[in-house]
Amino acid sequence: MQIYNSLNRKKEEFIPGNPGKIGMYACGVTVYDLCHIGHARSLVVFDMIYRYLKYRGYEVTFVRNFTDIDDKIINRSNERGVSWKALAEQYIEEFYVDMDRLGLLRPTYEPRATDHIVEIIELVRKLEEKGLAYAVDGDVYYRLQDFKGYGKLSGKNIDDLLSGARVEVDDRKESPLDFALWKKSKPGEPSWESPWGAGRPGWHIECSAMSRKFLGDTFDIHGGGKDLIFPHHENEIAQSEGASGKPLARFWVHNGFVNIDSEKMSKSLGNFLTIRELLEECHPEILRFFVVSSHYRSPIDFSNENVAVAAASLERLYQSLDRLLRTAAGASATTSSMDEKIDSWRQDFTTAMDDDFNSAAACAVLFEVSKEVNRWLDADIAAEDDKPAAAGCIARFLREIGAPLGLLQEDPQAFLQRGGSDGELSAVEIEALIADRAAARSGRNWAAADRIRDLLDEKGVILKDSAAGTLWQRKH
RNA sequence: GGCGCCAUCGCCAAGUGGUAAGGCAGAGGUCUGCAAAACCUCCAUCUCCGGUUCAAAUCCGGAUGGCGCCUCCA
């Protein structure tokens, strides 16, 4: 398996430190607001990676943190007049609502910064002992000049950073680049006792402390959005490697951004979209398809048109799955005449995903299967005693390779008939009209039958007549 | 100013030296009472200019055009 390593900016053969086992850490969210689709992409990408690594038979320990204390949380809690703790709790709950709807697997551990103050203090002390940290007036800073190798992830060097520094000058710091490991708390702010007085952790230190606790000094994969490369991940390296003297992560994996209508999504532009808002418009698997249909490192452009393309594409796959399931009609044989074909498709899928999680190429395999299946189902060739069994095997296989991508896990009918909210016809009403139309049709009263179909069409319902009866789905 | 990324059909998107996957949309056809779905056929030489090579979308140089990070950020 090849994975692109941000550390060296190239694809490298991925070999876990412990055979068969993988330790993976992904930076999670700061819980002071609802998640937007940029978070969604990152979350879906690492969920896909987690799922795929497990699919490949690895025992994966996946850690994703919650940053539940920081300036933004404190500011917002002051604005709202609620405690920082209550605010964090609220958005952790909201986070889970979104994640469950997106079908994200729960990581092995989801540590919170404030549950690891002891570990954080211990780590800061260790850095202090090694001369890599210094305390000033209740704050503790990292002494950057003394950590050689700073900038190896982001490709920056200390001199360039110093010359172009836009950081606030703070006379108490030895260098403008030194960053806070521990912050003295102001009166009224949340605080924890420490050797340096009451305070709270800096932003970067929690990840170093928690990854070490759950995964050890060195682990396999560390991930997050591209924007975290500098300074967050760079600083994590300085902290963790400064303290342990060992490499922090073997592979650094970073996902690309989400743009909206070709513009960077940002709060200042007012063009950010929450996961919740989007999910009112489209099925969660459509969002997942949208994410997974491009490579995780490329930027993706979010627009109504692109979501519509994703929806239409996914529908095609579900049409095939639907036909397969109908043909299988409960057949549960685990082998069939299609086994060889299935093995070959599985190989194609694995080859695609083994190449730096190339999910876009993996999607192409899904469509190849779909195409061949439709052709096979249409052909109606003889010697098909095996057909239900084979169809069942293929359906199961489609779901097997769809699973790491988070696709095709829904009941096809439910997916194709999704929607039906306010003002639209209910399934019962639709079925009734279909029955009326069937009566008209059996009397060869085409005009009446077409009138009903046109009516349904206006209401966004499409009919599919077949020998087995009439199926319906909603237009989207 | 420093560092880095990208540019493939109307849209989305793979491809990393051997002669352009896939999806959506579009055109024609098959099936159908008519449709829908599906199937068949058609639909790009890869921003531009040089270079390396028997061979380049793929490597090198340059140009143009996008974008990101350097400040909180997935």
Side-chain angles (χ1 to χ4, degrees), chain A residues 6 9-11 26-30 32 35-46 70-72 75 151 154-157 159-168 203 223-232 234 254-259 262-267 272 289-290 293-295 297-301 303 305-317 319-320 322-323 348 352 355 358-368 370-371 373-379 416 441 444-447 449-450 453-454 457 461-467 470-473 475:
Chain A
S6 300
R9 296 198 195 84
K10 60 182 184 210
K11 281 188 211 169
C27 290
V29 296
T30 301
Y32 74 108
C35 288
H36 57 236
I37 56 176
H39 296 115
R41 182 186 195 185
S42 190
L43 264 356
V44 166
V45 162
F46 287 101
D70 95 320
D71 291 344
K72 293 190 291 293
N75 292 340
S154 56
K156 300 179 185 301
N157 68 62
D159 292 339
D160 287 345
L161 286 168
L162 275 174
S163 63
R166 285 196 252 163
V167 273
E168 288 174 42
W203 173 35
K226 264 193 166 76
D227 51 343
L228 294 181
I229 293 174
F230 189 88
H232 184 58
E234 198 66 66
H254 294 98
N255 65 276
F257 286 123
V258 176
N259 295 325
S262 306
E263 275 191 314
K264 183 187 173 175
M265 183 173 66
S266 76
K267 302 213 168 181
F272 71 98
F289 184 90
F290 177 65
S293 62
S294 0
H295 187 86
R297 281 187 282 117
S298 310
I300 52 177
D301 186 35
S303 66
E305 188 189 354
N306 291 345
V307 172
V309 167
S313 303
L314 225 208
E315 275 186 27
R316 177 179 169 81
L317 296 178
Q319 299 279 13
S320 291
D322 190 35
R323 292 183 71 188
D348 292 343
D355 182 14
N358 192 338
S359 54
C363 285
V365 177
L366 289 173
F367 286 105
E368 270 160 39
S370 167
K371 171 79 88 182
V373 157
N374 288 331
R375 205 179 287 159
W376 174 66
L377 255 18
D378 279 353
L416 294 169
R441 290 182 78 214
R444 304 183 70 78
N445 185 350
W446 307 127
D450 289 349
R453 190 177 58 203
D454 290 345
D457 187 74
V461 176
I462 298 167
L463 301 183
K464 296 194 286 182
D465 294 326
S466 76
T470 297
L471 301 173
W472 63 274
Q473 64 188 65
K475 282 193 281 198

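Numbered from 1 within each chain, the chains take letters A, B, ... in sequence-line order. Excluded from the calculations below are hydrogen atoms, water molecules and symmetry mates; all remaining heavy atoms, backbone and side chain alike, are included.
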Residue A/V309, side-chain atoms from C-beta onward, closest of B/A35, B/G23, B/C3:
B/G23
I want to check something: taking the side chain as every heavy atom from C-beta on, are A/F289 and A/L366 in contact at a cut-off of under 4.5 Å?
no
Ignoring backbone atoms, establish whether A/S298 has a side-chain N or O less than 4.0 Å from OP1 or OP2 of B/A14.
yes
Any chance you could measure A/H295, atom NE2, to A/D355, atom CG, to the nearest 0.5 Å?
8.0 Å
What's the CG-P distance between A/D355 and B/A14, to the nearest Å?
12 Å
Could you give the distance separating B/G33 and B/C40 at their C1' atoms, to the nearest angstrom?
23 Å
Which listed nucleotide (B/C40, B/A38, B/C70) is nearest to the side chain of A/Q319?
B/A38
With sequence neighbours excluded, residues passing side-chain contact (heavy atoms from CB on, under 4.5 Å) with A/R41:
A/V45, A/N255, A/V258, A/V291, A/I300
Using only side-chain N and O atoms of A/K371, determine if any of them is under 4.0 Å from OP1 or OP2 of B/A38.
no
Using side-chain heavy atoms (C-beta onward) and a distance below 4.5 Å, is A/D227 in contact with A/H232?
no
Atom-pair distance (NZ on A/K156; P on B/G4), nearest Å
9 Å
Using a 4.0 Å heavy-atom cut-off across all strands, classify A/L228 as base, sugar-phosphate, or nothing.
sugar-phosphate
Heavy-atom side-chain contact between A/N374 and A/Q319 under 4.5 Å
no
It should be established whether A/R316 places a side-chain nitrogen or oxygen under 4.0 Å from OP1 or OP2 of nucleotide B/G22.
no
Tell me what A/K226 touches on the nucleic acid: a base, only sugar-phosphate, or nothing, going by heavy atoms under 4.0 Å.
nothing
Taking any heavy-atom pair under 4.0 Å as a contact, classify A/R323: base, sugar-phosphate, or nothing.
sugar-phosphate
Rounded to whole angstrom units, what separation is found between the CE atom of A/M265 and the C1' atom of B/A74?
8 Å
Among B/C39, B/G33, B/A74, the one nearest any side-chain atom of A/H39 is B/A74
Test salt bridge (Lys or Arg N to Asp or Glu O under 4.0 Å) on A/D378 and A/R375 and set out the steps.
CA-CA 5 Å; A/D378 279 353; A/R375 205 179 287 159; over 6 Å; no
Under a 3.5 Å limit on both distances, the Watson-Crick or wobble mate of B/G18 is B/C54
Measuring from the side chain of A/D450 (C-beta onward, heavy atoms only), which nucleotide among B/C34, B/C24, B/C69 has the closest atom?
B/C34
With sugar-phosphate meaning primed atoms plus P, OP1 and OP2, does A/R297 contact a base, only sugar-phosphate, or nothing at under 4.0 Å between heavy atoms?
nothing
From B/G2, B/C34, B/C12, pick the nucleotide closest to the side chain of A/D160?
B/G2
Is a donor-acceptor pair below 3.5 Å formed from side chain A/R9 to base B/G4, judging by atom type as modelled?
no
Applying the Watson-Crick and G-U wobble criteria at under 3.5 Å, what pairs with B/C67? Answer none if nothing qualifies.
B/G4
In whole Å, I'd like the distance from the CG atom of A/D378 to the C1' atom of B/U30.
10 Å
By a 5.5 angstrom centroid cut-off and a 30 degree plane limit, is there stacking between A/W446 and B/G33?
yes
Expressed as a whole number of angstroms, how long is the span from A/K464:NZ to B/G33:C1'?
20 Å
Atom-to-atom span, CZ of A/R453 to P of B/A36 - whole angstrom
8 Å
For A/H295, answer base if it contacts any base atom (sugar-phosphate contacts may also be present), sugar-phosphate if it contacts only those atoms, and nothing otherwise; contact means non-hydrogen atoms under 4.0 Å.
sugar-phosphate
P spacing across the pair B/A63 / B/G1, given as an integer number of angstrom
14 Å
For A/R375 and B/C40, is the shortest distance between a side-chain N/O and OP1 or OP2 below 4.0 Å?
yes
Sidechain-backbone polar pair: A/S293 side chain, A/F290 backbone, donor-acceptor under 3.5 Å
yes
Below 4.5 Å, heavy atoms only, C-beta onward: do A/F257 and A/K264 meet side chain to side chain?
no
Mind checking the P distance from B/U52 to B/U58? Whole angstroms is fine.
15 Å
At under 4.0 Å between heavy atoms, what does A/G155 touch on the DNA or RNA strands: base, sugar-phosphate, or nothing?
sugar-phosphate
Hey, is the side chain of A/K264 poking within less than 4.0 Å of OP1 or OP2 on B/G66, counting only N and O atoms?
no
As a test of reading the structure: which of B/G15, B/C70, B/C24 is closest to the side chain of A/N358, going by heavy atoms?
B/G15
Can you figure out which of B/A38, B/C12, B/A14 approaches the side chain of A/S294 most closely?
B/A14
Counting any heavy atom closer than 4.0 Å, what does A/G28 reach on the DNA or RNA strands: base, sugar-phosphate only, or nothing?
sugar-phosphate
Spell out yes or no: do the side chain of A/D465 and the base of B/C34 have one donor N/O and one acceptor N/O closer than 3.5 Å?
yes
Base paired to B/C9 (Watson-Crick or G-U; both N/O distances under 3.5 angstrom)
none
Measure from CG on A/N374 to P on B/A37 and round the result to the nearest Å.
12 Å
Side-chain contact check for A/N255: nearest option of B/G23, B/A74, B/C34 is B/A74
Could you tell me whether A/V258 contacts a base, only the sugar-phosphate backbone, or nothing, with contacts defined as non-hydrogen atoms closer than 4.0 Å?
base
Applying a 3.5 Å limit to both distances, which nucleotide forms a Watson-Crick or G-U wobble pair with B/C72?
none
Pairing partner of B/U30, by Watson-Crick or G-U wobble and under 3.5 Å for both distances, is B/A38
Classify A/S466 by what it touches in the nucleic acid, base, sugar-phosphate, or nothing, heavy-atom distance under 4.0 Å.
nothing
Give the rounded distance in Å between these two atoms: CD1 of A/I229 and P of B/A74.
14 Å
5′-ward residue of the pair A/A312/A/C27 relative to RNA chain B:
A/A312
Side-chain donor/acceptor of A/N157 to base of B/G2, under 3.5 Å
no
If you check every side-chain atom of A/N306, which of B/C12, B/C34, B/G23 has the closest atom?
B/C12
Residue A/H36, side-chain heavy atoms: nucleotide from B/A36, B/A74, B/G33 that is nearest:
B/A74
I need the A/D301 CG to A/E263 CD distance, nearest 0.5 Å.
10.0 Å
Most 5' of A/R441 and A/F289 on RNA chain B, judged by nearest nucleotide:
A/F289
Assign A/F257 to base, sugar-phosphate, or nothing according to its heavy-atom contacts below 4.0 angstrom with the strands shown.
base
